[in-house]
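The next block holds one structure in the form of structure tokens; read it before the comments.
The first residue of the sequence shown is numbered 1, and numbering continues consecutively from there.
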Amino acid sequence: MDAAGCNEVYDKTIDVKADHIEFMAKCIHSNHKLKFELYLPLFEAIDPEGTETNEILTGRIEIKLAKTTAPSVWPQVYSGEKPPSMSTWWDMQEQFKEELN
């Protein structure tokens, strides 16, 4: 999640399951209360116990998935329809290209 401008993020919940991730957070931005929700079905099963979540900056959370078939390359992280505003991090894909071939 990347919520630029939300200085106060609160009531965060992240629920990591083998086949999906659920995320919810609230914030106040320009005196407006906002609620972010994401239900992300995953392309393949993951190991929820090995998956890491980390709050990097205000309004930003990083989730590192522990794949059950590691190392492997998924064509996308999600199953089904692409969530809005999701993109591929090409630099990271290039960085690990040799390791995964």
Side-chain angles (χ1 to χ4, degrees):
M1 179 195 107
D2 188 356
C6 282
N7 292 326
E8 278 190 53
V9 178
Y10 60 96
D11 289 347
K12 291 183 295 251
T13 59
I14 301 173
D15 189 18
V16 178
K17 302 290 186 195
D19 65 342
H20 72 274
I21 296 172
E22 290 182 71
F23 173 82
M24 193 280 300
K26 297 176 184 175
C27 81
I28 298 174
H29 178 55
S30 299
N31 295 323
H32 291 72
K33 290 183 179 180
L34 302 174
K35 183 177 180 180
F36 297 93
E37 293 180 289
L38 173 68
Y39 178 85
L40 185 67
L42 298 170
F43 184 76
E44 286 185 12
I46 62 164
D47 172 14
E49 297 297 318
T51 295
E52 300 175 21
T53 61
N54 183 29
E55 188 170 340
I56 302 170
L57 301 168
T58 302
R60 180 172 276 189
I61 294 176
E62 176 183 76
I63 302 173
K64 292 183 182 180
L65 303 176
K67 296 178 180 177
T68 57
T69 56
S72 65
V73 177
W74 294 354
Q76 70 257 350
V77 72
Y78 55 90
S79 174
E81 201 169 309
K82 178 181 168 259
S85 71
M86 180 177 266
S87 61
T88 302
W89 192 356
W90 295 110
D91 290 342
M92 292 304 279
Q93 208 169 53
E94 189 65 30
Q95 179 180 338
F96 293 105
K97 185 178 178 179
E98 296 277 328
E99 185 178 320
L100 295 169
N101 285 336

Would you compute the distance between atom CZ of Phe23 and atom OG1 of Thr13 and round it to the nearest 0.5 angstrom? 7.0 Å
Rounded to the nearest 0.5 Å, how far apart are CD1 of Ile61 and NZ of Lys12? 5.5 Å
Connected via hydrophobic side-chain network under 4.5 Å: Phe43 and Tyr78: yes
For Glu22, which residues count as a side-chain hydrogen bond (donor to acceptor under 3.5 Å, both in side chains) partner, sequence neighbours excluded? His20
Using the rule given for side chain to side chain contact (heavy atoms under 4.5 Å, CB included), can you reason through Thr53 versus Ile63, listing the C-alpha separation, both sets of side-chain angles and the distance that settles it, and then say yes or no? CA-CA 4 Å; Thr53 61; Ile63 302 173; 4.0 Å; yes
Testing the basics here: between Ala66 and Thr51, what is the closest heavy-atom pair and its distance to 0.1 Å? N-OG1, 3.2 Å
Rounded at 0.5 Å granularity, tell me how far NZ in Lys26 sits from NZ in Lys33. 8.0 Å
CG on Asn54 to CD on Glu62, rounded to 0.5 Å: 6.0 Å
What residue among Leu38, Val77, Leu65, Asp15 forms side-chain contact (heavy atoms from CB on, under 4.5 Å) with Ile21? Leu65
Heavy-atom count around Lys82 NZ within 6.0 Å, excluding the residue itself: above 12? yes
Which pair of heavy atoms, one from His29 and one from Leu34, lies closest together, and at what distance? CB-CD1, 3.8 Å
Specify the closest pair of heavy atoms between Val16 and Pro48, including all atoms of both residues, with the distance to one decimal. O-CB, 3.5 Å
Once rounded to the nearest 0.5 Å, what's the spacing between atom CG of Asp19 and atom CD of Glu44? 12.5 Å
Short question: side chain of Ser79, backbone of Pro41 - any donor-acceptor pair under 3.5 Å? no
At their closest point, which heavy atom of Val9 faces which heavy atom of Ala25, and how far apart are they? CG1-CB, 3.9 Å
How many angstroms lie between atom NZ of Lys35 and atom CG of Asp11, to the nearest 0.5 angstrom? 9.5 Å
